[in-house]
Participant: 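Okay, here's the structure, questions in a sec.
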There are 4 protein chains.
Amino acid sequence: MEHKDATVAVIGAGDFIGAAIAKKFASARFTVFAGRRHGDKLAPLVADIEAAGGRVVGRSLDARKEEEITTFLQDADMAAPLEVCIFNIGANVNFPLLETTERVFRKVWEMACFAGFLTGREAARLMLPRGRGNIFFTGATAGMRGGVGYAAFASAKFGLRAVAQSAARELGPKGIHVAHLVIDAGVDTAWVRERIKEALANLDPGRLMRPASVAEAYWQIFQEPRDAWSFEREIRPFAEKW
Amino acid sequence: MEHKDATVAVIGAGDFIGAAIAKKFASARFTVFAGRRHGDKLAPLVADIEAAGGRVVGRSLDARKEEEITTFLQDADMAAPLEVCIFNIGANVNFPLLETTERVFRKVWEMACFAGFLTGREAARLMLPRGRGNIFFTGATAGMRGGVGYAAFASAKFGLRAVAQSAARELGPKGIHVAHLVIDAGVDTAWVRERIKEALANLDPGRLMRPASVAEAYWQIFQEPRDAWSFEREIRPFAEKW
Amino acid sequence: MEHKDATVAVIGAGDFIGAAIAKKFASARFTVFAGRRHGDKLAPLVADIEAAGGRVVGRSLDARKEEEITTFLQDADMAAPLEVCIFNIGANVNFPLLETTERVFRKVWEMACFAGFLTGREAARLMLPRGRGNIFFTGATAGMRGGVGYAAFASAKFGLRAVAQSAARELGPKGIHVAHLVIDAGVDTAWVRERIKEALANLDPGRLMRPASVAEAYWQIFQEPRDAWSFEREIRPFAEKW
Amino acid sequence: MEHKDATVAVIGAGDFIGAAIAKKFASARFTVFAGRRHGDKLAPLVADIEAAGGRVVGRSLDARKEEEITTFLQDADMAAPLEVCIFNIGANVNFPLLETTERVFRKVWEMACFAGFLTGREAARLMLPRGRGNIFFTGATAGMRGGVGYAAFASAKFGLRAVAQSAARELGPKGIHVAHLVIDAGVDTAWVRERIKEALANLDPGRLMRPASVAEAYWQIFQEPRDAWSFEREIRPFAEKW
């Protein structure tokens with residue numbers, strides 16, 4: 001089967017959600033550009049996609065650096081026109097307010113918000129001349145509600161949501177679909193597994209989300225006809241309390 | 001091709017959104033039960049679905065009457081298990097506050113909110129013993145924001161949204177997916193056409209939504225895996241201001 | 001000390017919040033019109049206010065009846081110009097969805113939403129010719145979030161909030177201040193005492209609100225200069241979780 | 001008349017809102033510590049307050065620098081216990097997304113969000129041992145909604161709101177009142193005057209807010225009894241559209 005003449009960039013292609021998104025779009029014959037901090041960790045993902053007949057480029061990427069984002073997305077766009085760009089970097093930390101250092105607050109913002117801004121802006125720069133494209137941001141409950149201990153993380157995620165809203169309102173009428181996917185659940189990731197391992201025996205399996213289901217949600221958003229775009233979608237497992 | 005052993009009920013099967021939903025699910029081999037105030041107006045919809053090889057029952061239904069809702073949904077469930085129930089009755093009116101009569105306020109509420117409550121409750125009664133099902137409500141911008149002149153309509157739509165939220169939180173953990181689809185746009189309906197006919201020459205075609213796109217959104221929600229359900233989705237055309 | 005040439009109407013002048021509001025405004029030399037379903041229960045409030053030198057009229061009032069609301073507010077306005085009208089009727093009930101009867105759903109709406117609409121509209125009718133006045137609505141957490149078991153109550157409170165929003169947007173530019181006070185707490189009322197009496201030993205006293213504090217919040221809203229009106233204020237005790 | 005044994009710190013004591021807040025609290029016999037980037041511009045404010053018999057210290061302060069915030073608040077607290085700390089730095093800019101530089105995005109965030117975090121954290125550090133205090137943040141419409149051209153400003157203001165929410169939930173039960181005042185209006189400031197000077201002839205005077213009214217709102221929040229604290233208050237002139 002032919003590949004599409006289209007690229008999907010995944011910025012923050014971690015082992016769980018990011019990898020699932022990459023596989024989903026690769027299986028739909030998109031060329032995938034996958035970036036994460038330590039590119040060597042992308043080897044299993046690249047191997048999986050290639051074994052399935054997909055096309056993928058894995059790269060080390062520090063998304064907080066303007067020139068790295070610009071180069072990454074330009075290279076993606078040269079492989080084939082950039083049709084979808086998904087920003088998927090998290091930085092979930094929890095500290096009491098007094099123990100939230102300047103360094104942590106700044107770093108979390110750089111990873112979860114500033115890098116998202118750079119990503120959205122540079123993707124838009126490539127897409128605007130064509131009048132089409134998709135820019136999606138992975139949000140979290142902390143982007144909607146600042147809970148105890150989340151001054152740093154919630155602040156960054158609120159900020160990312162604002163970038164997404166502002167971009168959506170500016171770019172929508174120019175043909176670019178901007179969306180913000182809010183994951184209101186524990187996703188089955190290394191981080192969550194670590195946090196809940198003692199609780200696993202008691203864990204309600206109806207309250208964890210599979211990474212593939214997040215990828216499915218992005219795929220749905222990508223499918224929306226342009227006369228019925230959604231900007232925000234909050235997803236949670238059926239048994240989650242909210 | 002075989003029909004599924006499953007029924008979809010559309011309460012408020014008007015000529016535009018409701019009809020598009022009915023056709024979408026009929027084309028996916030569901031048996032469709034379509035109800036609207038004046039059942040004789042369902043003839044073209046029934047004819048269309050049957051001509052395409054679908055199964056449909058059209059009925060007169062006053063959704064404000066408990067016994068009519070109960071009977072309609074029970075009959076649907078007897079045809080084949082009720083898998084999806086969509087409440088789609090609107091009642092868009094705009095009056096200055098002082099000119100909003102008691103009669104209008106009450107009637108709009110009965111159509112857009114009370115009937116939705118009855119529908120949700122009776123659908124849940126049929127679905128709960130099976131631990132599965134889908135109950136969807138069509139919302140509107142007026143369900144999120146009470147604008148000038150919308151005391152009656154917004155009040156009813158806010159109330160419907162509360163019913164949906166409360167039902168979602170109670171029924172989700174029991175396996176029933178409750179969702180609220182907010183249509184933030186003019187949909188291409190008779191009502192909208194009437195309102196804008198003088199403006200049609202100047203109308204930005206990027207600001208109208210096709211009924212089929214609403215149906216597509218419901219179809220997406222129906223497809224969501226149960227570890228990543230969305231409750232609310234707000235859709236609008238790409239060129240809409242928001 | 002002279003009385004003001006101004007009346008405050010309290011619709012839903014129950015023993016706790018309503019009574020506290022009535023006393024607060026009476027102590028500021030307003031004439032108070034206090035209405036509640038069973039007017040004979042107003043005797044202690046009337047006695048208290050009069051003992052303190054205040055002016056008050058207590059009346060039986062079924063706020064779900066248009067003509068009763070109209071007469072009550074007209075009479076208040078004849079005593080002295082109606083300057084503040086506060087709608088304070090609640091109807092807090094909790095039932096599983098399947099056990100929420102048509103009768104309960106309708107009655108809760110009539111008390112908590114429909115009566116509020118009538119109140120707001122009739123107060124506006126009296127205030128608009130003067131280009132000034134204040135119309136305040138008592139809201140609840142259930143007006144912001146539809147929790148499990150609150151299909152009826154949340155639906156009514158959401159609906160009331162919509163009425164308030166719509167009225168605020170229409171009447172504000174005409175000089176009438178419309179506000180919605182959201183009480184996100186257990187207030188020290190008979191209903192709450194009954195509900196928590198077994199828990200009282202363990203109750204965190206930092207999580208209950210005194211009725212006088214609600215009255216104080218209304219007094220603050222009334223004091224706002226018209227270039228800095230607030231529409232919505234959510235109040236909770238310092239130790240409340242939210 | 002005696003001064004209170006209490007200090008109010010105003011971080012971002014500009015010529016309009018900040019100055020009005022400083023004067024309001026000074027007139028209520030608080031010692032005021034006023035900081036702004038260029039401390040020499042504080043001379044008129046200091047002169048005004050002192051002429052009225054108030055106590056005030058004006059200082060140059062770069063609120064983006066942790067050590068400057070720490071020193072400023074510690075000095076304030078040594079003059080008299082820090083009872084109120086108000087963060088009032090804005091950074092309103094509007095650029096199309098593609099023209100929003102990394103430098104602008106970062107600077108706006110440092111001024112409007114990061115400095116607010118430092119302020120809140122250091123104020124809390126001084127107040128927590130006493131179990132009382134007030135920390136207030138000046139928000140804006142852009143903190144609630146990311147409009148076209150506001151990627152930088154809205155992102156920072158959203159982030160500040162998250163800091164305020166997170167702090168409120170953590171510090172409230174410890175006796176510290178955290179609030180977020182959203183100003184949904186043009187305030188009569190130099191910046192607004194500049195922007196609208198050509199429009200002034202047509203400007204609806206009912207749509208501008210006086211700085212003194214913002215100060216009044218803060219004074220109200222400060223007066224709230226602790227069993228009825230509000231976290232967020234959105235204020236706008238009576239004729240504002242919203």
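Values below: all heavy atoms of this structure, side chains included; hydrogens, waters and symmetry mates excluded. Chain A is the first sequence line, chain B the second, and so forth, proteins listed ahead of strands; every chain is numbered from 1.
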Participant: Which bit of C:E122 comes within less than 4.5 Å of chain B, counting heavy atoms only: side chain, backbone, both or neither?
Facilitator: neither
Participant: Top residue by heavy-atom pair count (under 4.5 Å) with chain C, among B:L171, B:T101, B:L160?
Facilitator: B:T101
Participant: Using a cut-off of under 4.5 Å for heavy-atom pairs, which of C:R125, C:R145, C:R161 has the most such pairs with chain B?
Facilitator: C:R145
Participant: Please determine whether a side-chain nitrogen of the Lys or Arg among B:R121 and C:E102 lies less than 4.0 Å from a carboxylate oxygen of the Asp or Glu.
Facilitator: no
Participant: Taking side chain as C-beta onward, heavy atoms only, is C:R106 less than 4.5 Å from B:F117?
Facilitator: no
Participant: Work out which heavy atom in C:A151 is nearest to a heavy atom in B:V163; give both atom names and the distance.
Facilitator: O-CG2, 4.1 Å
Participant: For B:S155 and C:A162, indicate whether the former's side chain and the latter's backbone hold a donor-acceptor pair under 3.5 Å.
Facilitator: no
Participant: Do B:F105 and C:L118 have side chains that get closer than 4.5 Å, going by heavy atoms?
Facilitator: no
Participant: Please identify, among B:G149, B:G159, B:A152, B:C113, the residue contributing the most non-hydrogen atom pairs under 4.5 Å to chain C.
Facilitator: B:G159
Participant: Does a sphere of radius 6.0 Å around CZ in C:R132 hold more than 12 heavy atoms from other residues, nucleotides or ligands, not counting ones at 6.0 Å or beyond?
Facilitator: no
Participant: Could you tell me whether the side chain of B:E170 and the main chain of C:L97 form a donor-acceptor pair under 3.5 Å?
Facilitator: yes
Participant: What residue, out of B:A156, B:A154, B:G147, has the most heavy-atom pairs lying under 4.5 Å from chain C?
Facilitator: B:G147
Participant: With side chain to side chain contact (heavy atoms under 4.5 Å, CB included) as the criterion, how do B:F158 and C:Q165 come out once you've worked through the C-alpha distance, each side chain's angles and the decisive distance to 0.1 Å?
Facilitator: CA-CA 11 Å; B:F158 270 58; C:Q165 271 192 18; 4.0 Å; yes
